[in-house]
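In what follows, every heavy atom counts, from backbone to side chain, and hydrogens, waters and symmetry copies are set aside.
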Amino acid sequence: MSENIIEARDVSVTFGSGAHKVEAVKNVSLTLAAGEPLGIVGESGSGKSTLARVLAGLQPPTSGQVFFNGKPVYKGSKSYIGEARRQVQMVFQDPYASLNPQMTALSAVAEAVRIHNKCDKKEAETKALELLKRMGIAQLDAVKKPRQLSGGQRQRASVARALSANPSVLLADEPTSAIDQSAQAQLLNLFHGLLNQGLAIVLVSHDLGVIRYLTKRVYVMKDGVFVESGDTETIFNNPHEEYTKELLASIPGALGAAARKKRTA
């Protein structure tokens, strides 16, 4: 396995105080190797999205630290200082979180290209079109606003915007949950191609089928802590924790049926 590119050590995130205190993430640690497909899975409210935002530099931890290439990500109120800021990008469940509804997909991606690559408008638009085409979005659709695109197209445009920075890590938070199965398949195939090009991907999802398809290693999260982690196939075929068994048994189709059969055997 390659050297770790991201490492989280004893990370906790607490919101509120007193009677309103919520411990979203509780003293968790993880590693991500360069070029690795890593999964974080759990039910809604398990803390996985909060952790993803911490890894992305968007949510400072209450305690603990995240390291990128061995250097602390958080320094006071700042995170991913300098060149490191480009290297870790995030794709959100809702593409409207990264696409301006008043801008075309082309304009939104070109804007990101200009910011990250310091180029003029014409060159940025050319590079943006190339990125969108790579994501399977034709020029005819590239000049549409987000509301005129399908859910899958919006999500792939969001990926194009993230890739404009030429990152080494892509954090994808529930990227398939708001799109149909056909669009899910397109997006996952796209991610698979990016992995083959050396990009590390952290896939955060409650969908174990998606996790199994894309990742090689997985962390199972419940109530802000990791209850189980390891090789994805090993976890799926021989889970130790009851919570993981319950998640597997809830999957539709043959995979879930096999997990249910094991639990009743």
Side-chain angles (χ1 to χ4, degrees), residues 1 6 8 11 13 22-33 35-55 90-94 151-152 155 169-196 200-265:
M1 184 65 71
I6 287 181
V11 166
V13 179
V22 176
E23 294 180 294
V25 178
K26 308 171 188 176
N27 198 40
V28 303
S29 300
L30 65 70
T31 59
L32 173 72
E36 180 183 17
L38 179 70
I40 303 175
V41 67
E43 295 175 307
S44 296
S46 62
K48 61 187 186 300
S49 291
T50 298
L51 178 59
R53 291 178 64 84
V54 172
L55 299 178
M90 190 162 184
V91 176
F92 298 91
Q93 176 180 350
D94 179 4
Q155 196 60 286
V169 177
L170 189 67
L171 286 149
D173 184 14
E174 297 281 11
T176 62
S177 64
I179 56 180
D180 62 34
Q181 287 191 334
S182 175
Q184 285 181 20
Q186 287 181 314
L187 187 63
L188 290 174
N189 286 335
L190 169 64
F191 283 164
H192 196 270
L194 294 172
L195 286 166
N196 288 336
I201 296 179
V202 178
L203 180 62
V204 180
S205 180
H206 68 277
D207 188 330
L208 276 78
V210 168
I211 291 288
R212 189 180 196 183
Y213 173 78
L214 194 71
T215 72
K216 296 294 179 65
R217 196 161 57 91
V218 64
Y219 290 87
V220 182
M221 199 166 196
K222 178 186 180 185
D223 297 332
V225 299
F226 292 142
V227 297
E228 194 162 4
S229 64
D231 174 81
T232 300
E233 284 303 309
T234 299
I235 295 291
F236 272 68
N237 293 323
N238 189 30
H240 294 295
E241 296 296 322
E242 185 62 26
Y243 175 70
T244 309
K245 294 176 183 178
E246 291 174 0
L247 287 177
L248 289 168
S250 69
I251 302 173
L255 183 60
R260 290 189 293 273
K261 184 176 181 180
K262 283 184 179 180
R263 292 186 73 201
T264 57

Under the criterion side chain to side chain contact (heavy atoms under 4.5 Å, CB included), I'd like the reasoning laid out for Val210 against Leu203: C-alpha separation, chi angles, the key distance, then a yes or no. CA-CA 9 Å; Val210 168; Leu203 180 62; 3.4 Å; yes

Please report the interatomic distance NZ(Lys216) to CD1(Ile211), rounded to the nearest 0.5 Å. 14.0 Å

Smallest separation among heavy atoms of Ser177 and Gln93, with atom names: OG-NE2, 3.0 Å

Selection residues 177-190 - residue pairs positive for salt bridge (Lys or Arg N to Asp or Glu O under 4.0 Å), sequence neighbours left out: none

With Asn189 via side-chain hydrogen bond (donor to acceptor under 3.5 Å, both in side chains) - residues at least two apart: Tyr213

Hey, what do you get for CD1 (Ile6) to CD (Glu36), rounding to the nearest 0.5 Å? 10.5 Å

Looking at CD of Glu174 and NZ of Lys48, how far apart are the two atoms once the value is rounded to the nearest 0.5 Å? 4.5 Å

Residues forming a side-chain hydrogen bond (donor to acceptor under 3.5 Å, both in side chains) with Gln186, sequence neighbours excluded: Arg156

Which atoms form the tightest heavy-atom contact between Arg212 and Asn237, and what is the distance? NH2-OD1, 3.5 Å

Student check: side-chain heavy atoms of Val218 and Leu208 closer than 4.5 Å: no

Quick one: closest heavy-atom pair of Pro239 and Leu248, and the distance? CG-CD1, 3.6 Å

Side-chain touch Gln155/Val91, heavy atoms, less than 4.5 angstrom: yes

Listed by chain and number, what are the side-chain hydrogen bond (donor to acceptor under 3.5 Å, both in side chains) partners of Asp94, not counting sequence neighbours? none

Working to the nearest 0.5 angstrom, can you tell me the gap between Leu38 CG and Leu214 CG? 10.5 Å

Any chance you could measure Ser205, atom OG, to Ile40, atom CD1, to the nearest 0.5 Å? 11.0 Å

Restricting to salt bridge (charged side-chain N to carboxylate O under 4.0 Å, His left out), what partner residues turn up for Glu228, sequence neighbours left out? none

For Phe92, which residues count as a ring-ring contact (aromatic ring centres under 6.0 Å, His included) partner, sequence neighbours excluded? none

Report the residues that fulfil side chain to side chain contact (heavy atoms under 4.5 Å, CB included) with Ala52, sequence neighbours left out, ordered by chain and then residue number. Met90, Val204

Can you measure from CG (Leu55) to CG (Leu32) and round to the nearest 0.5 angstrom? 8.5 Å

Taking every non-hydrogen atom, the tightest pair across Ala183 and Gly152: CB-CA, 3.7 Å

Can you pull out every salt bridge (Lys or Arg N to Asp or Glu O under 4.0 Å) where at least one residue sits in residues 38-47? Sequence neighbours excluded, please. none

Checking Glu23 now: which residues fulfil salt bridge (charged side-chain N to carboxylate O under 4.0 Å, His left out) with it, not counting sequence neighbours? none

Side-chain heavy-atom pair Ser46, Val41 within 4.5 angstrom cut-off: no

I'd like to check Ile179 versus Leu187 (side-chain heavy atoms, cut-off strictly below 4.5 Å). Are they in contact? yes

Pair Asp173-Arg53, side chain to side chain contact (heavy atoms under 4.5 Å, CB included): steps then yes or no: CA-CA 9 Å; Asp173 184 14; Arg53 291 178 64 84; 5.6 Å; no

Looking at every non-hydrogen atom in both residues, tell me the closest pair between Ala33 and Ala200 and how far apart they are. O-CB, 3.8 Å

Tell me, please, which residues at least two apart from Ser229 pass side-chain hydrogen bond (donor to acceptor under 3.5 Å, both in side chains). none

Go through the structure and list residues passing ring-ring contact (aromatic ring centres under 6.0 Å, His included) with Phe191, not counting sequence neighbours. none

Do Leu51 and Leu30 have side-chain heavy atoms sitting under 4.5 Å apart? yes

Suppose we screen for side chain to side chain contact (heavy atoms under 4.5 Å, CB included). Which residues come up paired with Val227, at least two apart in sequence or across chains? Val220, Lys222, Val225, Glu241, Tyr243, Thr244

